[in-house]
Engineer: 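First the structure, then my questions, so here it is.
All values below were derived from every heavy atom in this structure, side-chain atoms included, with hydrogens, water molecules and symmetry-related copies excluded.
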Amino acid sequence: AAVGPLRLALDRREVFRNGELVHLSFREFELLKCLYRARGSVVERRRLLDGVWGENWIGDPRTLDVHIRWLREKLEDVAAEPRLILTCRNVGYRLTTPEEGR
């Protein structure tokens, strides 16, 4: 599976950026997997939190933003100017489609 400079091997839990293996934490990988499965569509914050942290998780929902920031730091050319993992303000996040990520 490919999105821009990313190649995902979901079955092996591996992500490559420009051919180089990127080491992601368990939750970072799970977030990317959720976004990838819905690529092109906005994934609501609650759905990401439930899918990665579990439906019964209690904590600060801003932890999602921190993990997205860490993902961007590892996957984007410039983390502060994301082109792969986009924010849909007050709703959630969206992974660009392969066509957008070229």
Side-chain angles (χ1 to χ4, degrees):
V3 177
L6 304 181
R7 301 289 174 267
L8 290 77
L10 298 177
D11 57 331
R12 295 191 318 259
R13 298 186 64 82
E14 293 178 335
V15 178
F16 296 86
R17 184 179 182 282
N18 297 322
E20 304 242 347
L21 181 65
V22 178
H23 296 283
L24 299 179
S25 71
F26 175 83
R27 288 208 166 104
E28 288 167 347
F29 185 86
E30 290 299 309
L31 271 175
L32 183 59
K33 185 169 71 173
C34 285
L35 292 169
Y36 176 76
R37 287 190 170 147
R39 63 196 168 280
S41 299
V42 175
V43 183
E44 293 178 353
R45 295 177 59 81
R46 183 81 257 157
R47 188 169 143 212
L48 287 169
L49 286 165
D50 289 350
V52 175
W53 280 268
E55 292 181 17
N56 297 321
W57 179 78
I58 298 173
D60 187 345
R62 302 262 315 145
T63 194
L64 174 61
D65 304 321
V66 172
H67 280 77
I68 291 289
R69 186 182 79 231
W70 291 341
L71 257 182
R72 285 175 171 161
E73 287 172 357
K74 293 178 179 182
L75 303 178
E76 299 277 1
D77 288 331
V78 179
E81 299 172 13
R83 294 174 178 257
L84 297 171
I85 301 172
L86 307 178
T87 301
C88 183
R89 186 170 237 125
N90 298 321
V91 179
Y93 295 94
R94 178 174 73 88
L95 184 67
T96 58
T97 62
E99 297 76 30
E100 290 175 298
R102 289 179 201 238

Engineer: If I take atom CG from residue L24 and atom CZ from residue R17, how far apart are they, to the nearest 0.5 angstrom?
Structural biologist: 12.0 Å
Engineer: For residues R27 and W70, determine if any side-chain heavy atom of one lies less than 4.5 Å from a side-chain heavy atom of the other.
Structural biologist: no
Engineer: Show the nearest heavy-atom pair for residues L32 and L71, with the distance to one decimal.
Structural biologist: N-CD1, 4.1 Å
Engineer: Looking only at non-hydrogen atoms, find the nearest pair between R72 and P82 and report the distance.
Structural biologist: NE-CB, 3.6 Å
Engineer: Any idea which heavy atoms bring T96 and R39 closest together, and the distance?
Structural biologist: O-CB, 4.1 Å
Engineer: Can you name the residues that form a side chain to side chain donor-acceptor pair (under 3.5 Å) with R7, not counting sequence neighbours?
Structural biologist: none
Engineer: Could you check E76 against R83 for side chain to side chain contact (heavy atoms under 4.5 Å, CB included), going step by step and ending with a plain yes or no?
Structural biologist: CA-CA 7 Å; E76 299 277 1; R83 294 174 178 257; 4.0 Å; yes
Engineer: Around atom CZ of R47, are there more than 12 heavy atoms of other residues, nucleotides or ligands at under 6.0 Å?
Structural biologist: no
Engineer: When rounded to the nearest 0.5 angstrom, what is the spacing between CG in L21 and CD in E14?
Structural biologist: 5.5 Å
Engineer: Under the criterion side chain to side chain contact (heavy atoms under 4.5 Å, CB included), I'd like the reasoning laid out for E28 against V22: C-alpha separation, chi angles, the key distance, then a yes or no.
Structural biologist: CA-CA 11 Å; E28 288 167 347; V22 178; over 6 Å; no
Engineer: Is there a donor-acceptor pair under 3.5 Å between the side chain of R45 and the backbone N or O of P61?
Structural biologist: yes
Engineer: Using 0.5 Å steps for rounding, measure from the CZ atom of R62 to the CZ atom of R69.
Structural biologist: 9.5 Å
Engineer: Output the distance between atom OH (Y93) and atom CG (L84), rounded to the nearest 0.5 Å.
Structural biologist: 15.0 Å
Engineer: I'd like to know if R13 pairs up with E30 as an ion pair, taking the criterion as any Lys NZ or Arg NE/NH1/NH2 lying under 4.0 Å from an Asp or Glu carboxylate oxygen.
Structural biologist: yes
Engineer: With hydrophobic residues grouped by side-chain heavy-atom distances under 4.5 Å, do L10 and L6 end up in a single group?
Structural biologist: yes
Engineer: Mark yes when over 12 heavy atoms from residues, nucleotides or ligands other than N56 sit less than 6.0 Å from its CG; otherwise mark no.
Structural biologist: no
Engineer: Using a cut-off of 6.0 Å, state whether more than 12 heavy atoms not belonging to R46 lie near its atom CZ.
Structural biologist: yes
Engineer: Between CG of L49 and CH2 of W57, what distance do you get to the nearest 0.5 Å?
Structural biologist: 5.5 Å
Engineer: Evaluate the side-chain proximity of R94 to L35: yes if any heavy-atom separation is below 4.5 Å, no if none is.
Structural biologist: no
Engineer: Could you measure the distance from the CD1 atom of I85 to the CD1 atom of I68? Nearest 0.5 Å is fine.
Structural biologist: 5.5 Å
Engineer: Please step through side chain to side chain contact (heavy atoms under 4.5 Å, CB included) for the pair I58 and W53, ending with a clear verdict.
Structural biologist: CA-CA 9 Å; I58 298 173; W53 280 268; over 6 Å; no
Engineer: Measure across L95 and Y36 and return the closest heavy-atom pair with its distance rounded to 0.1 Å.
Structural biologist: CD2-CA, 3.5 Å
Engineer: Under a 4.5 Å cut-off applied to non-hydrogen side-chain atoms, are V52 and L64 in contact?
Structural biologist: no
